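Below you'll find the structure, written out as structure tokens, and then a few comments.
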Amino acid sequence: MDILIIGGSNFVGYHASDVALQRGHKLTLFNRGKSNPDVFPQAEHLTGDRDGDLAPLKGRQWDAVIDTCGYLPRIVRKSAELLQDAVGHYHFVSTVSVYPESEYGRDYLDENSPLATIDDPATEEITGDTYGALKVLCENVVQELYPGKFSVSRPGLIVGPRDHTDRFTYWPKRVAKGGEILAPGNPDTAFQVIDGRDLANFILTLVENNTNGIFNAVGPGEPTTWGSMLATCQAVTGSDSELVWVGEGFLLENNVAPWMELPLWLPVALSGMSRVRLDHARAAGLTHRPLAETVRDLLAWDATRPPADPDKRNPNAPTPLSPEREAELIAAWREKVNA
């Protein structure tokens, strides 16, 4: 196939490009040329801006387009309209954040669960409150313009090599250091992540088969909990670390910031985003590698990264507990439960 990827040089886009080339497709990448411009020299590279200069896309034809970086409906509409008669299939990478927090009390979310809404659909401020609802509006644009020839993947947390967010990476690295580890909440709490390479394989499968519809692209393949995830990290790293499970109420009382100071941890009331059904996607070809493989490959990739530059730190990246703060909390928790 002749495939256009909007993005294609960072994380999910990178893995989608890699899989497309491995499967023998002809590949064109359209982006600003600012991130990893030297990757995939065997692909055609078009430099432009989806919110401005779309000229390089005009007058071209592709079998399919994979849109990995659409966040605002106005901008998605620009490229989707321009390509409407130029591509046979449009794949849009969305998110499970399209399901609002009010739905997290369900046992499991599926593709028919209610979606987030927004008071001001014209807003272009992307925040924790608007992100999911804006993605819903982006999905709507694609469905409107490509009836019968679109697919949408709704991944959960995407992890694995080339994940620069350090959200999941924190845990295997922390386990590898050993010692007493503050493990948040309950070990039986559901835990879902998808390897970026598995997501990329699924996206290409949908495109190749011209599969129409919306799919929750979540993982791992087997039901996973916080306890089993951390046990996997221990097994992969050979760590003799000790997990100390600290109650949610205690963490909140001590002003531990969910997600930021303990990456990926959310209070039970919000943990529904890790209870998303994947049956529909599996039936359409989603497969998963073992979580242990993801952890092993992630650590190997992380070891090749240069030291972090504090001046270039992503303000949305987690700021994990310091070793001293972690030890203090563990000691205070033990004092509480032994009182």
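Quick caveat: nothing in here was measured; it's all calculated off a predicted structure. Scope of the values below: all heavy atoms of this structure, side chains included, with no hydrogens, waters or symmetry mates.
Here the two rings, on W226 and W171, have centers that are under 6.0 Å apart. Note: Y104 and Y99 fail the aromatic proximity criterion, with ring centroids not under 6.0 Å apart.
Panel note: side chain R23, backbone N201; a donor-acceptor pair is recorded below 3.5 Å. Although no hydrogens or angles enter the test, the distance criterion places no donor-acceptor pair under 3.5 Å between the side chain of H45 and the main chain of D38.
For E125, the CD atom sits in a loose shell: 12 or fewer heavy atoms of surrounding residues, nucleotides or ligands are nearer than 6.0 Å. Heavy atoms of other residues, nucleotides or ligands lying less than 6.0 angstrom from CG of D120 number more than 12.
With contacts defined as side-chain heavy-atom distances shorter than 4.5 Å, the pair F202/I194 does not qualify. With contacts defined as side-chain heavy-atom distances shorter than 4.5 Å, the pair V244/L182 does not qualify. For the pair V295/F168, a side-chain contact is recorded, criterion being any heavy-atom separation below 4.5 Å from C-beta on.
I75 forms part of a hydrophobic cluster together with Y71, L72, I118, I126, Y131, L134, L137, judged by ILVMFWY side-chain heavy-atom separations under 4.5 Å.
Within the structure, the side-chain hydrogen bond (donor to acceptor under 3.5 Å, both in side chains) test picks out the following pairs touching residues 157-170 (sequence neighbours left out): D163-T165, T165-R167, D166-R305.
The closest side-chain donor-acceptor pair between S241 and Q234 falls under 3.5 angstrom.
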